[in-house]
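Below: the structure, in structure tokens.
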Amino acid sequence: MSHPGSPGSVGQPADSALDEAPPSAPQSWFGARWGRLLMIMIVLGLTIGSVATPWSEVTIEVLGSRSGSLLYQDSTVGLSVTEIGGWGWAYLLLVVPMVLLTLASVMLPGYAGRAAAVAAGGALLATTTVLAGAAYRLSSTPDEGADRWAEIVRRVAPALDRDYGAIWFAYESSGLTFAVLVVAALATVVLTSWWPGSGRIVAAAAGTVALLAGLALPWLTVYGATADGLDRRDVWWPTFGTASVLTMVGTLALAALTWWAALRRSTRGRLPLLLVTVPAACALILVHDYLGLDPEEWQDAAERARYLAVTDDIRSAAEFAQLAPALFLAAMVLAWSAARRRARAARSAVDAAPVDTGTAHVPN
């Protein structure tokens with residue numbers, strides 16, 4: 001029979017202590033905050049981009065030949081943050097306090113830090129409302145630019161030499177994109193400040209939202225100029241063929257694997273899991289650059305023949321779909337780091353525990 005002091009009375013194997021390790025090991029002040037401070041430094045660069053780049057920009061280019069001479073013209077019309085009405089000025093008024101309050105939530109201890117996190121959350125909600133208003137204000141700009149492109153096609157295309165020439169249309173909203181990234185990054189910092197150790201959950205949740213947007217929303221808007229009008233068509237990811245379908249299926253599998261790694265408590269197999277995920281996520285990110293989104297690659301020739309010219313505008317959903325694997329990769333790295341800390345804490349606890357070498361009592 002085993003006695004309390006004998007090795008045979010241990011209720012679980014030594015390796016199981018590592019599986020049920022404490023959530024985290026003690027960290028220094030900087031060690032507990034360096035990730036959030038790095039994110040805030042990145043936010044400063046994104047904030048500069050949101051102010052310095054146009055929130056709406058339409059570019060039309062004409063390249064061709066006429067009577068043997070080369071013809072090239074381009075026109076770019078952009079709106080800065082201060083030229084989109086009150087929404088832009090509201091963003092400028094909110095962005096600095098929002099960044100400072102988020103920084104305070106990271107730097108300040110205890111109740112002061114939590115109060116700053118609550119205030120930063122309020123500023124983030126207000127800024128999100130402002131960005132939604134700005135996006136609605138600019139939502140008609142691509143269609144207006146496409147109408148202008150169609151007018152140029154009808155006027156200029158007949159004058160160009162046959163089979164040589166093109167008229168391009170492009171729409172960019174870099175400033176608004178930077179502003180959305182600012183809000184998303186600061187929201188991540190605030191959530192992890194309020195709920196320490198939740199970085200992997202927050203990153204996985206952000207990746208899931210980006211993936212759902214990529215699945216549900218159109219990736220492309222195709223415009224076809226006719227002799228008397230403009231046809232507009234939204235296109236979803238299955239239209240682009242087997243490669244895009246496999247890419248989205250692979251991203252769904254990566255999402256499931258990421259959530260499993262983020263929620264599991266065991267520390268076993270953490271490194272092999274990371275080594276599998278990193279190349280898979282990188283491949284899914286890169287393959288988006290080679291998907292056949294160009295209408296010439298998937299549009300029926302008979303359909304294209306109906307138009308004087310065809311152009312397209314890549315929508316945010318395609319960018320969200322490409323961003324999702326990067327967020328899942330970040331979540332997987334954070335999950336690996338958390339499991340590593342738990343394993344270290346468990347080993348430290350095992351090493352620090354006193355060893356009882358007492359022998360069993362044998363009665364006379």
Side-chain angles (χ1 to χ4, degrees), residues 23-24 26-53 55 80-82 84-138 173-210 212-213 262 316 320 323 326-327 330-331 334 337-338:
S24 61
Q27 293 180 284
S28 65
W29 183 93
F30 180 74
R33 292 170 171 82
W34 73 268
R36 286 173 286 167
L37 292 174
L38 176 62
M39 184 67 76
I40 290 176
M41 293 295 294
I42 295 173
V43 164
L44 294 179
L46 294 173
T47 302
I48 293 172
S50 69
V51 174
T53 58
W55 282 45
S80 67
V81 63
T82 59
I84 60 171
W87 300 115
W89 288 106
Y91 172 76
L92 293 176
L93 290 174
L94 286 169
V95 66
V96 174
M98 182 174 61
V99 173
L100 293 177
L101 287 170
T102 304
L103 180 61
S105 72
V106 175
M107 302 290 289
L108 298 178
Y111 177 79
R114 287 184 172 271
V118 172
L124 284 166
L125 288 176
T127 307
T128 301
T129 303
V130 167
L131 294 182
Y136 179 78
R137 159 72 172 77
L138 299 172
S173 55
S174 303
L176 179 59
T177 301
F178 280 128
V180 171
L181 291 175
V182 166
V183 171
L186 291 179
T188 300
V189 174
V190 170
L191 287 173
T192 51
S193 296
W194 184 267
W195 184 16
S198 65
R200 64 190 186 279
I201 303 297
V202 173
T208 302
V209 171
L212 292 176
S316 298
F320 285 140
L323 178 63
L327 293 170
L334 292 172
S337 178

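The analysis underlying the following values was restricted to heavy atoms, covering all of them including side chains, and did not include hydrogens, waters or symmetry mates.
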Residues passing the side chain to side chain donor-acceptor pair (under 3.5 Å) test with Ser50, sequence neighbours excluded, are Tyr91
Just to verify, what does Thr208 make a side chain to side chain donor-acceptor pair (under 3.5 Å) with, not counting sequence neighbours?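 Residues passing side chain to side chain donor-acceptor pair (under 3.5 Å) with Thr208: Trp259.
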Listing, residues 184-197 side-chain donor-acceptor contacts under 3.5 Å, not counting sequence neighbours, or none:
from	atom 1	to	atom 2	distance (Å)
Thr188	OG1	Ala184	O	3.0
Thr192	OG1	Thr188	O	2.9
Thr192	OG1	Val189	O	3.0
Ser193	OG	Arg36	NH1	3.0
Ser193	OG	Val189	O	2.9

Donor-acceptor contacts, no H, no angles, side chain residues 114-125, under 3.5 Å, sequence neighbours left out:
none

Show the nearest heavy-atom pair for residues [X] and [Y], with the distance to one decimal.
X: Trp55; Y: Ile84; answer: CE3-CD1, 3.5 Å
X: Val43; Y: Val99; answer: CG1-CG2, 4.2 Å
X: Leu334; Y: Ala203; answer: CD1-CB, 4.4 Å

Hey, could you give me the [atom1]/[atom2] distance between [X] and [Y], rounded to the nearest 0.5 Å?
X: Ile48; Y: Thr53; atom1: CD1; atom2: OG1; result: 11.0 Å
X: Leu176; Y: Arg137; atom1: CG; atom2: CZ; result: 12.0 Å
X: Phe320; Y: Leu327; atom1: CZ; atom2: CG; result: 10.5 Å
X: Met98; Y: Thr47; atom1: CE; atom2: OG1; result: 6.5 Å

Sequence neighbours excluded, the answer for side-chain contact (heavy atoms from CB on, under 4.5 Å) partners of Leu94 is Ala126, Thr127, Val130
Non-neighbouring partners of Thr129 that pass side-chain contact (heavy atoms from CB on, under 4.5 Å), sequence neighbours left out: none
Less than 4.5 Å apart, side chain to side chain, heavy atoms only: is that true for Leu103 and Leu37? yes
